[in-house]
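Below you'll find the structure, written out as structure tokens, and then a few comments.
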Amino acid sequence: MTDPVNRTILLLDIERFSHRDDVEQAYLRRMLYDIADRTLESAGVDETRRLRADRGDSVMELIDAGAPVTALLRALLTEVPAQLRTVNRMASSSAQIRLRGVLATGYVAVDRHDGWVGSDLNHACRLLDADVLRAALRERTGDFALCVSDALHSGVVRHDHPGIPAADFHEVTVASKNGPLKAWLHGPVPAGAAGQDHGGTGAGEAPGGSGDRPAPHLTAQGPPEERVPAQGTPQDRVPSQGTPEERVPAQGTPEERVPAQGTRKERPAPDGTRGAPAPGAVFNFNGGSPSFGGSLVAGDQHGVSGGQVTGDVHLGGHELGHERDRDRQRGEGA
């Protein structure tokens, strides 16, 4: 194995590659290589200053540390989106290509099998597979989503070089086997993802899900039929009147009481022991003829459940007590 050498690490991955057939995959791989070559050439990185590894639906580039990172970043922010627009404009819907990208820096060694070894490279690969980066690309109208490592952000991006606006990069945290990794996402952070870990099942993904659907929100427990919302506004709900001594106890025998109407959830609380005050609101009118214009409860409510009304009451145009008095007087006059 060679000695570790400081490198700039570039990773590019095709979105939804496995959903295409063999012909489409071969085409997408050609486009990926072409876009990577044009981008590196525009940044002044020729083939003598980089090593490439093929990963099927992605490409990995180890770039000489002497190549300017600022030029490479500017190329990623401008050249890659332009190349993608050009390719997709002429491609069919099944051949559209969208890319996730990671730019990092760190020490990488090459073993005798031409394999690449290094923890910084491992971290870059985990950023490429992070759910927050996948979600960012999924939610965007553009065809490219870029994430940079914390080390590269500290050394280059935060200094706001021309063509690399630091304000466009937003901090995210990715969970990994070795602990959380801080990274910086270019462009808007996916909804609900700010300040969260985005490894494992990902932010907003249901456990065992594919990453395409959000996790369910916690709601009140129990089936819907058991959750009965309060009816009416607070102004519509009439409190009990008078002191406990003024409330009228339940009248008549159990057979004379009107049975509870409706479903179980609509019935009032039971009467309890015989002689206890009737549940619900109780009204006691001594003398006079109180009048309520309209109904007692707002909406299409008719009747009083669980309460008792005594005296001469005028409810919505029906004068119950006075009608009985007039009938009685007519009978006596006859």
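- A cation-pi arrangement is absent between Arg20 and Tyr27 under the rule of less than 6.0 angstrom and at most 45 degrees off the ring axis.
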Leu73 vs Leu146, side-chain contact (heavy atoms from CB on, under 4.5 Å): CA-CA, chis, key distance, verdict: CA-CA 10 Å; Leu73 258 176; Leu146 176 68; 4.2 Å; yes

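- In the hydrophobic cluster analysis, where Ile, Leu, Val, Met, Phe, Trp and Tyr join through side-chain heavy atoms closer than 4.5 angstrom, Leu12 is grouped apart from Val108.
- No donor-acceptor distance shorter than 3.5 angstrom exists from the side chain of Arg134 to the backbone of Glu15, with no hydrogens or angles considered.
- Shown here for Ser176 and Arg126, the closest heavy-atom pair between the two residues is CB-CD, 3.8 Å.
- Salt bridge present: Asp37 and Arg50 bring a charged side-chain N and a carboxylate O closer than 4.0 Å.
- One finds the CG atom of Leu133 at 10.5 Å from the CZ atom of Arg138 (value rounded to the nearest 0.5 Å).
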Arg29 vs Asp54, salt bridge (Lys or Arg N to Asp or Glu O under 4.0 Å): CA-CA, chis, key distance, verdict: CA-CA 10 Å; Arg29 279 173 48 81; Asp54 189 316; 2.8 Å; yes

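- Linking Ile, Leu, Val, Met, Phe, Trp and Tyr whenever their side-chain heavy atoms come within less than 4.5 Å puts Leu11 and Leu51 in one cluster.
- Within the 4.5 Å cutoff, no side-chain heavy atoms of Val45 are placed close to those of Thr8.
- Asn6 and Ala65 make their closest contact through O-CB, 3.3 Å (heavy atoms, listed as atom of the first residue, atom of the second, distance).
- The residues Arg55 and Asp13 are annotated as not salt-bridged, no charged nitrogen and carboxylate oxygen being separated by less than 4.0 angstrom.
- Formation of a donor-acceptor pair under 3.5 Å by the Thr39 side chain with backbone atoms of Glu79 is not found in this model.
- Looking at heavy atoms from C-beta onward, Val132 lies in side-chain contact with Pro190 at the 4.5 angstrom threshold.
- Taken to the nearest 0.5 Å, the OG1 atom of Thr70 stands 11.5 Å off from the NE2 atom of His159.
- A donor-acceptor pair under 3.5 Å is absent between the side-chain atoms of Glu171 and the main chain of Lys182, judged by distance alone.
- Between Pro180 and Thr173, the shortest heavy-atom contact is CB-CG2, 3.6 Å.
- Hydrophobic cluster membership is shared by Ile63 and Val69, with clusters built from Ile, Leu, Val, Met, Phe, Trp and Tyr side chains linked at under 4.5 angstrom.
- The closest side-chain heavy-atom distance from Val157 to Trp184 is not below 4.5 Å.
- In this structure, the side chain of Gln83 does not engage the main chain of Val80 through any donor-acceptor pair within 3.5 Å.
- When all heavy atoms are compared, the tightest approach of Ala183 to Cys147 is CB-SG, 3.6 Å.
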Derivation and outcome, side-chain contact (heavy atoms from CB on, under 4.5 Å), residues His186 and Val148: CA-CA 8 Å; His186 180 259; Val148 302; over 6 Å; no

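- No side-chain heavy atom of Thr105 sits under 4.5 Å from any side-chain heavy atom of Val156.
- Looking at Phe169 and Leu185, their side chains never come closer than 4.5 Å, going by heavy atoms from C-beta outward.
- Residues Leu103 and Tyr107 are members of separate hydrophobic clusters, defined by side-chain heavy-atom contacts under 4.5 angstrom among Ile, Leu, Val, Met, Phe, Trp and Tyr.
- Within the model, atoms CD of Glu24 and CG of Leu28 stand 7.0 Å from one another, a figure rounded to the nearest 0.5 Å.
- You'll find the side chain of Arg100 reaches within 4.5 Å of the side chain of Asp129, heavy atoms only.
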When the side chains of residues 86-93 are checked against the rest of the protein, which donor-acceptor pairs come out under 3.5 Å, sequence neighbours left out?
residue	atom	partner	partner atom	Å
Thr86	OG1	Ala82	O	3.1
Asn88	OD1	Ile97	N	2.8
Asn88	ND2	Leu84	O	3.3
Asn88	ND2	Ile97	O	3.0
Asn88	ND2	Asp143	OD2	3.1
Ser92	OG	Ser94	OG	3.3

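- One hydrophobic cluster, built from ILVMFWY side chains closer than 4.5 Å, holds both Phe144 and Leu72.
- Heavy-atom contacts from other residues, nucleotides or ligands closer than 6.0 Å to CZ of Arg38 number 12 or fewer.
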Check against side-chain contact (heavy atoms from CB on, under 4.5 Å), Val172 and Val189: CA-CA 8 Å; Val172 294; Val189 177; 4.2 Å; yes

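- Taking all atoms of both residues into account, the shortest heavy-atom contact from Asp111 to Gly115 is OD1-N, 2.6 Å.
- Arg140 places no side-chain N or O within donor-acceptor distance of the main-chain N or O of Ala145, the cut-off being under 3.5 Å.
- Between Leu10 and Leu76 the shortest side-chain heavy-atom distance falls below 4.5 Å.
- Nearest heavy-atom pair, Gly142 versus Leu137, reported as atom, atom and distance to 0.1 Å: O-CD1, 4.2 Å.
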Test log, rule side-chain contact (heavy atoms from CB on, under 4.5 Å), inputs Arg16 and Arg98: CA-CA 9 Å; Arg16 298 177 64 84; Arg98 307 182 80 216; over 6 Å; no

